[in-house]
There are 2 protein chains.
Amino acid sequence: MIDRHLMKLRARYSISQIEEAAIRESLTEVARYPADHTAIRAGEVLTFSTLLLDGLMTRYKDLSDGQRQITEIHVPGDFADLHSFTLKHLDHNVMTLTPCKIVKSPHDRIQKLCEEHPRLGRIYWFSTNLDACIHREWEVSLGRRSALERTAHLLCELQVRLGIVGLATGNGYALPITQADVAECLGLTPVHVNRVLKELRETGLVEFRNGRVTIHDIEGLKRAAEFDPTYLYLGQRERG
Amino acid sequence: MIDRHLMKLRARYSISQIEEAAIRESLTEVARYPADHTAIRAGEVLTFSTLLLDGLMTRYKDLSDGQRQITEIHVPGDFADLHSFTLKHLDHNVMTLTPCKIVKSPHDRIQKLCEEHPRLGRIYWFSTNLDACIHREWEVSLGRRSALERTAHLLCELQVRLGIVGLATGNGYALPITQADVAECLGLTPVHVNRVLKELRETGLVEFRNGRVTIHDIEGLKRAAEFDPTYLYLGQRERG
DNA sequence: CGCTGCTTTGAAGCCCTTCAAACCAGGTGG
DNA sequence: CCACCTGGTTTGAAGGGCTTCAAAGCAGCG
């Protein structure tokens, strides 16, 4: 059930059988949410974190004029809100982009897990810091990259992150979201996202149609995005 | 020496004398850096974290064409790179904006601190998550707010964060950085930052001159920025 | 007293937005 | 079985916010 979560962890750290069992014990209730469901509202007191098993979720903030900024996309294997373990309530909302399956991890169990397995505690701390790395890279995109670069960069990031959990090949991946969703990630209008996607398609780099990303030229796409996956901290990070 | 760090912590948590002593013991060497000094380069292996005592530092990323995006400003009392405790090397650079005084906290001591004082461990975990909150708020600014709103928002954020550590009053604070630095925070050109600052000045909201921010209308400024400080998680977070 | 780095201002241009409408596919009901 | 509806995609035309390029102004300093 939590295979993808373990794949994500093991892309950076080795996880022993004992640790794996401890992680499993920290999980409780499974739930399913429909698409476009706000799972967590900013400000509400949380007593558990949400591990995404299947589907896509996002963190987002709304502005008073109805605009919305998505600050991160979550793929299966991610905790959508592990940071709520320390924050207790969130500064942002969390919603599903697609129908999702999740499993809850109560904060008292996470605390027990961290106390009994300090190394896992540090790995989960790392995991929240990895979210911050993604936030920083998005800041760079939003602040300095052109619409085309930004779009290409997002598609590269998802290719890598979905690839880690076995949901992407070199050719592409399922991405059953709308162009409006992409626009909310990129700080653009849906109209302009549409034009950018057209350009990416016509230059033969990548195609995003019918909820699927098909990459025709991965190297060209990375070049267009100036994509450097270092910020995703792949590869084993310590022995043992 | 670490008064401001303690002020920052105590703005959210109570810290006992024992915990305070333990924190002090985790610190070693003090260092001074000149302005515009790159203290940490992306990728280099780190064995300690850097606590900023005095001055201003930033996290930033460079792009191949020479553009730069600052992803966070650090004020006295902040760790510039507590996340290096889990990341071991950074995905970004850290530099001084002004002459700075820092103190180092070796990772092995932080680990000891967290093991012997698990509550402090969680508070430091929280602290890195607070950086992520700031990153998210900046994503919103960069993605959705106009140049004027963005600028006003940054000035509000710094007013609050410097206020926590006793470096700002309701009237303003010292901010000895250039308009070009501000531009690198906001994803704008220095020229446009200059025009926006002129507008903020002429509408009587705030003045940024000679390395000092003078706030003439704090409520108006907050309104212009749609500033909501919730994301800074002020106020006591638990009993005890 | 001229150099240097920062700020300020002007003019022109472009990237992206805005507004509007057509197109298209899938689902529903008559 | 097709007309209709709905949500998403696509395209066009006009406009605006910010950039780019250029140069002048200004303060601190050797």
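Since this is a predicted model, take the numbers as computed values, not measurements. All chains are named by letter (A, B, ...) in the order of the sequence lines, taking the proteins before the strands, and each is independently numbered beginning at 1.
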**Prompt:** Looking only at heavy atoms, which two atoms of Leu155(B) and Tyr173(B) are closest? And how far apart?
**Reply:**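 Smallest interatomic distance, heavy atoms only, reads O-OH, 2.6 Å.
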**Item:** Between dT18(C) (P) and Asp65(A) (CG): distance, integer Å
**Value:**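 Interatomic distance, CG of Asp65(A) to P of dT18(C): 10 Å.
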Name the closest nucleotide to the [X] side chain, picking from [options].
{"X": "His192(B)", "options": "dT9(D), dC18(D), dT17(C)", "value": "dC18(D)"}
{"X": "Ser146(A)", "options": "dC16(C), dC19(C), dT8(C)", "value": "dC16(C)"}
{"X": "Thr178(B)", "options": "dT7(C), dC16(C), dG8(D)", "value": "dT7(C)"}
{"X": "Gln179(B)", "options": "dT7(C), dT19(D), dA20(C)", "value": "dT7(C)"}

**Request:** Assess whether one donor atom and one acceptor atom, taken from the side chain of Arg144(B) and the base of dT17(C), lie less than 3.5 Å apart.
**Result:**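 Flag unset: no donor-acceptor pair detected.
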**Request:** Record whether the side chain of Arg195(B) comes under 3.5 Å of the base of dT20(D) through a donor-acceptor pair of N or O atoms.
**Result:**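 Checked by distance alone, the answer is yes.
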Under 4.0 Å between any heavy atoms, over every strand shown, what does [X] touch: base, sugar-phosphate, or nothing? Just pick one.
{"X": "Leu197(B)", "answer": "nothing"}
{"X": "Arg150(A)", "answer": "nothing"}
{"X": "Gly211(A)", "answer": "nothing"}

**Message:** By nearest heavy atom, map Asn210(B) and Pro190(A) onto DNA chain D; which one lands nearer the 5' end?
**Reply:**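 Final value for this comparison: Pro190(A).
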**Message:** Between Tyr231(A) and His92(B) (judged by ring centroids, cut-off 6.0 Å), do the two rings come close enough to count as a pair?
**Reply:**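 No: the rings miss the under 6.0 Å criterion.
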**Prompt:** Taking atom types as modelled and ignoring hydrogens, do the side chains of Ser105(B) and Ser49(B) form a donor-acceptor contact shorter than 3.5 angstrom?
**Reply:**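 Short answer, no.
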**Request:** Take the angle between the ring planes of Tyr233(A) and His89(B) and call it parallel below 30°, perpendicular above 60°, tilted in between.
**Result:**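 Answer is parallel, since the angle falls under 30°.
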